[in-house]
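Written below as structure tokens is the structure these notes are about.
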Amino acid sequence: QPASMAGPALALAALLLLAATVAAQDCSAVTRCPLVQNNTGCGWCWQSMSTARYGEKTQGRPGNANGPTDGGTCHDWTFNASDCQHHVDCPFLPNCQNILGTYCGWCEDTQAAARGSPSGPSQGTCKTWIWNSRECPTSEAPQHVHLAFGEQPNSMVVTWASLSARPATLYYGTAGSNISVPAVSTNFSFPLNLEGLHNIHRAAMTNLKPATTYWYMVRVGDLTSARFETTTPQAGSDWPLRLLVFGDMGRFGGGDVLYMLTRELAAINYTALVHVGDFAYDLRDNGGLNGDAFMARIQQLATKVPYMTSVGNHEIEADLFQNYRNRFSMPRYNTRDGWDMWYSWDIQYVHMLAYSSEVFFANINDIPKQLAWLEADLKAANANRANVPWIIAYGHRPMYCSNDDGDDCTKNASVVRLALEALFHKYGVDLVLEAHEHSYERLWPVYNYTISQFNYIDPQAMVHIISGAAGCNEDDGACINNIPGPRGPWSAFRASVQGTYSYLRMTIFNATHLYLESYSVEQQIVEDSMLIVQHNHGMRV
């Protein structure tokens, strides 16, 4: 072969060899981001706003530090396994303050966050680039707008925050109406919110008609929020009630779950979100700025449907619960006595009961108060069982679990279980939703470590579901609590692998059938599901 042909021929051979190598690289075993560690030459393309814009699939793919090498693109790429736990979907961040603690910066030119470094964005250019969240412009406009069901079935409470202490107002109505309501405003700063927004405003939308779309907006001084819309639940009971349930969601650790919850609300008619304790990790951190960033992120969810909560251990704050009690407005808010953080609400065929597992570890003087309230509420709920047969309780710390971290639920003499299980069993609680453990676990119907049956047909004891894997910020983002195996025969199913962040979809079809499934976000699969059929709601012997 002539010397003049040797160079091009060798180059062509090298290209063909490279193409063959890429083609041979099999990354099908990479079903979640951390598995890139065990599969050389593979990276992970995330499910996020960045990739959705370009139709890129969430999967393990051949690649290197610069991106995929399979001929396609990925706009949210991770190649090193150590970076999986730090993932943040930068374009999904709602404002400049949300870059706090992330690898994202804020471009004032485009009013959007982007992945980058102190010198600028990773892709493209930005004339006015902000890397330090403390350099973000401040605004006196209303922020952190969110909904909750009110004291009455036909009411919703709107809560928002502001830098300004000027008078605040809620406006709402239907297409042909406009109602204004002065807000009740409070100021909280010392000692756990010195740098966050100090002014909290609350106002109620009342006399709401069922199955009706209402617009609403809030105002502080002469500055007004965007216009939001929410649709009230249907009248009566003959309709499927759909709820999204999760616990332990951090400000940026839960980014992938937050993205999926946003997609869910856009596609399906859910009635409410239920967050079973532990918010932001923590609401008080960075002088309250962490809490501000979290509240800003959930606004896109919590302005569409009520965001119902129960308190977790990360809200204790030296027994003050200050950030939690100021930032959220659950039913009975105006009737609370002391640190009272328990309430109930009826919807469709369901009596939803929120309780505090934290009184057993802080403010222990409130233990008798909560127990007395719970018994009175459960008595009333049983008297109304012909109309509202299901009783679903939700509180943060579980009564049982199979984790190996030494938490209260790993002990046979669990403080929470010994305090609440007999009461809940007596009054026929059907289902208990719990969190705290950063994992997912489903139990067989069980009472006092005795399994009533290995199915969910007319269960004679409570069913427990633990869903605390929405993505916290602990352990540098690697917040999965290990489950080596079942701690007892009462454990029916478990999931606790790094990268298996999840949340629950729950549907109550009617008075007898309740369906629940756990969705694994990174794997994009339903990892577990169950159907409870209960014809015998009522008190137990």
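Remark: side-chain polar atoms of Asn326 are paired, donor with acceptor, to backbone N or O of Gln322 under 3.5 angstrom. At least one donor-acceptor pair under 3.5 Å links the side chain of Gln370 to the backbone N or O of Ser356. No donor-acceptor pair under 3.5 Å is formed between the side chain of Asp405 and the backbone N or O of Asn482. A donor-acceptor pair under 3.5 Å links the side-chain atoms of Ser496 to the main chain of Ile483, judged by distance alone.
Each of Met308, Met295, Glu315 was scored for a side chain to side chain contact (heavy atoms under 4.5 Å, CB included) with Phe328, with one residue passing: Met295.
A salt bridge is absent between Lys127 and Glu108; no separation between the charged side-chain nitrogens and carboxylate oxygens falls under 4.0 Å. Ion pairing between Glu264 and Arg505 holds under the 4.0 Å rule for side-chain N and carboxylate O. Ion pairing of Arg397 with Asp408 is absent here, as no side-chain N (NZ or NE/NH1/NH2) approaches a carboxylate O to less than 4.0 Å. Ion pairing of Asp76 with Arg53 is absent here, as no side-chain N (NZ or NE/NH1/NH2) approaches a carboxylate O to less than 4.0 Å. Between Asp285 and Arg251 no salt bridge is recorded (no basic side-chain N to carboxylate O distance below 4.0 Å).
Other residues, nucleotides and ligands place more than 12 heavy atoms under 6.0 Å from the CD atom of Gln524. In the displayed structure, Asn269 atom CG is contacted under 6.0 Å by at most 12 heavy atoms of other residues, nucleotides or ligands.
Between Phe246 and His275, the ring centre distance stays below 6.0 Å.
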Q: Tell me, with the steps shown, if His144 and Trp160 meet ring pair (Phe, Tyr, Trp, His ring centres under 6.0 Å).
A: CA-CA 5 Å; His144 311 166; Trp160 66 101; over 10 Å; no

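A cation-pi arrangement, defined by a distance under 6.0 Å to the six-membered ring centre and an angle within 45 degrees of its axis, is absent between Arg227 and Tyr216.
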